[in-house]
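This report refers to the structure that appears directly beneath it.
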Amino acid sequence: QVQLVESGGGLVQAGGSLRLSCATSGRTFSRPTMGWFRQAPGKEREFVAGLSWSGSNIYYSDSVKGRFTISRDGAKNTVYLQMNSLKPEDTAVYYCAASTAVLFTSQVGRYDYWGPGTQVTVSS
């Protein structure tokens, strides 16, 4: 019922920027936590950034803090991830996800809905 679709991925040189978008629709919950995760080949999916939709609480992983910014446009039902100062190690498939957990969580297993992902490749 809840659909998430990411866009904005692509190729960028180290030090460059990208903005990912997550279009959401069909939500049946009122206060989802929205998260961005990423997964590189051979690695576990990891939390990147999260936003409490109605509470405006924002969280970042240590690896992206200061470089990435999560935000939302409630009118468009869209969540964004602005990625600056990109590094080759940021290369991954980036996923948008939504959680109905009461408390914020960075655990993959606590997120109920996922987009198909968008590839971000940062050249070295």
Any link between [X] and [Y] through a network of hydrophobic side chains (Ile, Leu, Val, Met, Phe, Trp, Tyr) touching at under 4.5 Å?
{"X": "Y113", "Y": "Y95", "answer": "no"}
{"X": "V122", "Y": "L18", "answer": "yes"}
{"X": "V64", "Y": "Y111", "answer": "no"}
{"X": "F47", "Y": "V79", "answer": "no"}
{"X": "M34", "Y": "V108", "answer": "no"}

So [Y] and [X], do their side chains get closer than 4.5 Å, heavy atoms only?
{"X": "Y59", "Y": "V48", "answer": "no"}
{"X": "T100", "Y": "R110", "answer": "no"}
{"X": "R45", "Y": "W114", "answer": "yes"}
{"X": "R19", "Y": "S71", "answer": "no"}
{"X": "Q119", "Y": "Y94", "answer": "no"}
{"X": "W36", "Y": "C22", "answer": "yes"}
{"X": "R38", "Y": "L81", "answer": "no"}
{"X": "E46", "Y": "S61", "answer": "no"}

| request: Start with the C-alpha gap between S123 and V12, add the side-chain angles, then the distance that decides, and say whether side-chain contact (heavy atoms from CB on, under 4.5 Å) holds. | output: CA-CA 6 Å; S123 62; V12 65; over 6 Å; no

| Under the criterion side-chain contact (heavy atoms from CB on, under 4.5 Å), which of T78, V5, D73 is the partner of S21? | T78

Measuring from [X]:[atom1] to [Y]:[atom2], what's the distance to the nearest 0.5 Å?
{"X": "N84", "Y": "T69", "atom1": "CG", "atom2": "OG1", "answer": "6.5 Å"}
{"X": "T118", "Y": "L20", "atom1": "OG1", "atom2": "CG", "answer": "6.0 Å"}
{"X": "C96", "Y": "I70", "atom1": "SG", "atom2": "CD1", "answer": "7.5 Å"}
{"X": "L4", "Y": "S25", "atom1": "CG", "atom2": "OG", "answer": "7.5 Å"}

| Would you find a donor on one side and an acceptor on the other, under 3.5 Å apart, between the side chain of E6 and the backbone of G117? | yes

| said: Donor-acceptor check, side chain of T91 to backbone of T121, threshold 3.5 angstrom: yes or no? | reply: no

If every non-hydrogen atom of [X] is compared with every non-hydrogen atom of [Y], which pair is closest and at what distance?
{"X": "S17", "Y": "S85", "value": "OG-N, 4.3 Å"}
{"X": "Q107", "Y": "T105", "value": "N-OG1, 3.0 Å"}
{"X": "F37", "Y": "S106", "value": "CE2-O, 3.4 Å"}

| Do R72's NZ or CZ and the ring of Y80 fall within the cation-pi criteria of under 6.0 Å and 45°? | no

| request: Decide whether N77 and T24 meet the rule of one side-chain donor and one side-chain acceptor closer than 3.5 Å. | output: no

